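Chain letters run A, B, ... following the sequence lines, proteins first and then strands; every chain starts at 1. Keep in mind that this is a model prediction, so the values were computed, not measured.
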Protein chains: 2
Amino acid sequence: MQETGSPKLTEQHRELLDQVLDKWSLQVLDALCERPLRFNDLRRVIPVVTQKSLTAALRRLERNGMVERIVTSTRPVAVEYRITQLGRSLQELIDALLHWTTVTLPAVERARARFDDHA
Amino acid sequence: MQETGSPKLTEQHRELLDQVLDKWSLQVLDALCERPLRFNDLRRVIPVVTQKSLTAALRRLERNGMVERIVTSTRPVAVEYRITQLGRSLQELIDALLHWTTVTLPAVERARARFDDHA
DNA sequence: CAGCATCCATCATGATACTG
DNA sequence: CAGTATCATGATGGATGCTG
């Protein structure tokens with residue numbers, strides 16, 4: 001059974017994708033891709049996120065090696081988040097996904113209209 | 001405004017990705033990519049899915065034009081699900097994602113170990 | 001066979017308040 | 001500034017039973 005380039009889709013792989021492709025992680029990676037940002041910068045860039053969700057997303061991304069957390073022990077501590085090499089490799093795929101949505105959205109919307117009409 | 005390959009990541013795009021990249025949809029598309037399958041076939045191929053979740057995933061995928069639902073009005077009705085052209089275009093990206101997980105999983109696991117040790 | 005309806009547990013999310 | 005802690009709640013997921 002040789003599947004050329006065909007995936008495995010085991011629990012491990014799915015779990016990893018779940019951890020880095022969720023709603024907030026996508027936007028965090030997208031934001032950090034341009035330049036490192038601090039916690040409250042991220043809150044501003046991703047306007048509707050709560051601290052709790054943002055903290056959770058950042059911890060998950062950090063744990064999976066997608067972002068680095070850099071603490072500067074100045075007076076009020078400054079914490080900077082920056083994307084890692086691993087994170088960048090993921091971002092390329094996310095870009096491909098976004099490109100795909102851009103290209104296929106019209107067809108998807110037609111499909112939705114058809115479905116909603118008929119059903 | 002021409003952004004070569006750069007994404008927008010609007011709510012619409014994120015919503016579409018959420019609808020087709022969820023846990024079960026990935027596995028459904030993966031299964032249907034090889035050949036069309038019937039409802040209970042899918043339940044066997046994706047062993048741990050409940051019919052509720054499978055139904056929901058299939059409806060979502062159908063609504064978004066990723067799979068076709070083909071009803072054969074035989075005696076006990078036969079319902080076949082098959083992937084569409086749109087679905088296949090998505091599957092290519094999913095394959096790329098799975099390839100990415102395969103390649104990066106070792107590094108991710110090292111990152112996790114480091115994180116879990118330290119914290 | 002291919003679902004739908006219902007109930008229930010769990011979880012993710014949000015709002016709010018507090019801290020080093 | 002960059003969080004943590006707590007409570008409330010709404011969405012999800014599973015188990016079960018029923019139907020054309």
Quick one: does A:Thr74's side chain have a donor or acceptor within less than 3.5 Å of a partner on A:Pro76's backbone?
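Indeed, once roles are kept as given, a pair shorter than 3.5 Å links the two residues.
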Can a donor-acceptor pair be found, under 3.5 Å and without considering hydrogens, that links the side chain of B:Thr84 to the backbone of B:Met66?
yes
Between [X] and [N], is there a side-chain N or O to OP1/OP2 distance below 4.0 Å?
X: B:Thr55; N: C:dA2; value: no
X: B:Tyr81; N: C:dG3; value: yes
X: B:Arg44; N: C:dC1; value: no

Atom-to-atom span, [atom1] of [X] to [atom2] of [N] - whole angstrom:
X: B:Arg60; N: D:dA11; atom1: CZ; atom2: P; answer: 15 Å
X: B:Arg69; N: C:dA2; atom1: CZ; atom2: P; answer: 10 Å
X: B:Leu42; N: C:dA2; atom1: CG; atom2: C1'; answer: 12 Å
X: A:Leu54; N: D:dT4; atom1: CG; atom2: P; answer: 11 Å

Spacing of B:Arg112 atom CZ and A:Leu16 atom CG [to the nearest 0.5 Å]
5.5 Å
Sugar-phosphate only, base, or nothing, as touched by [X] at under 4.0 Å among non-hydrogen atoms:
X: A:Arg59; value: sugar-phosphate
X: B:Arg43; value: nothing
X: A:Arg38; value: sugar-phosphate

Answer yes or no: are there more than 12 heavy-atom neighbours, outside A:Glu15 itself, under 6.0 Å from its atom CD?
yes
Heavy-atom count check: over 12 atoms from other residues, nucleotides or ligands less than 6.0 Å from B:Glu109 CD?
yes
Any carboxylate oxygen within less than 4.0 angstrom of a Lys/Arg side-chain nitrogen, looking at [X] and [Y]?
X: B:Glu62; Y: B:Arg60; answer: no
X: A:Arg38; Y: A:Asp41; answer: no
X: B:Asp116; Y: A:Arg63; answer: yes

DNA chain D contacts made by residues 12-29 of chain A, counting heavy atoms under 4.0 Å
none
State, with a plain yes or no, whether a side-chain heavy atom of A:Gln27 is found less than 4.5 Å away from one of B:Arg14.
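A side-chain contact under 4.5 Å exists here.
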How does protein reach along nucleotides 15-20 of chain D, written 5' to 3' as B (base within reach of a heavy atom under 4.0 Å), S (only sugar-phosphate), or - (no contact)?
BB----
If you pin B:Asp41 and A:Val49 to their nearest nucleotides in DNA chain C, which one's is more 5'?
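The residue whose closest nucleotide sits nearer the 5' end is B:Asp41.
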